[in-house]
Amino acid sequence: GEDVEQSLFLSVREGDSSVINCTYTDSSSTYLYWYKQEPGAGLQLLTYIFSNMDMKQDQRLTVLLNKKDKHLSLRIADTQTGDSAIYFCAESLDTGRRALTFGSGTRLQVQP
Amino acid sequence: DAGVIQSPRHEVTEMGQEVTLRCKPISGHDYLFWYRQTMMRGLELLIYFNNNVPIDDSGMPEDRFSAKMPNASFSTLKIQPSEPRDSAVYFCASSQGQNYGYTFGSGTRLTVV
């Protein structure tokens, strides 16, 4: 079945690196995504990774995928106060069902 | 492009009233999704359309909820009659093709009193 899990909360100091983790259960995932939601706003796509990759870097963002353990992580380098938000991971499946399944979200708090 | 546009941004209504939420997807996107977000249940998929045709409505809570997409540039989600437990933020999202993620609207915050 589809189940995407994340820890609820992460607090870091400005300038440190943040690592947000996600686990999923369905091995037929094709793409995995990271979204960011700021207060009062919709979800914004940050980055995504194809399931046959194990790493993707995009400026301050690094996505690591361990397909064997069904574990996805998002690393934010030099975290800034503007990075404070809720981060969602999501998966799409190779089952013809188009809709993404989202995790519960991780609230990142960046302390000055 | 102005992105996915939802209206209204906020809606407060009394229990039993009909509520209609509106969405304009990004031009050229062939998929449209309706999600509901609550603290207790997180993001739940309600229904999605491909080329204006409903594909999966298994997430629609009950018969009080209905969604339409009369053309490629407009969709509605209707709740009739509304109940306090329907209070949530409702998001519309659209995408083009497969595997590049969605673009979300800013959401409609619905409060049913």
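Remember, predicted model here, so these are calculated numbers, not experimental data. Order of the sequence lines sets the chain letters (A, B, ...), proteins ahead of strands, with each chain counted from 1.
The number of heavy atoms from other shown groups lying within 6.0 Å of CZ (R107(A)) does not exceed 12. Atom CG of D63(B) has 12 or fewer heavy atoms from other residues, nucleotides or ligands within 6.0 Å. More than 12 heavy atoms of other residues, nucleotides or ligands lie within 6.0 Å of CD in E62(B), so this atom counts as buried by the packing criterion. Taking a 6.0 Å sphere around CE of M15(B), one finds it holds 12 or fewer heavy atoms contributed by other residues, nucleotides or ligands.
Residues passing the salt bridge (Lys or Arg N to Asp or Glu O under 4.0 Å) test with K68(B), sequence neighbours excluded: none.
Separating the CZ atom in F91(B) from the CG atom in L43(A) is a distance of 6.0 Å, to the nearest 0.5 Å. Note that OH of Y35(B) is 4.5 Å distant from CZ of F102(A), once rounded to the nearest 0.5 Å.
Inter-residue side-chain proximity for L43(B) and F88(A) is flagged as met; some heavy-atom pair is nearer than 4.5 Å.
L45(A) and F50(A) fall within the same hydrophobic cluster, defined by Ile, Leu, Val, Met, Phe, Trp and Tyr side-chain heavy atoms under 4.5 Å apart, directly or through other members.
If you measure heavy-atom distances from Q37(A) to chain B, the contacts under 4.5 Å come from the side chain alone. Residue Q37(B) touches chain A through its side chain alone, counting heavy-atom pairs closer than 4.5 Å. Neither the backbone nor the side chain of R41(B) comes within less than 4.5 Å of any heavy atom of chain A.
In terms of modelled atom types and a separation under 3.5 Å, the side chain of Y102(B) and the main chain of L100(A) share a donor-acceptor contact.
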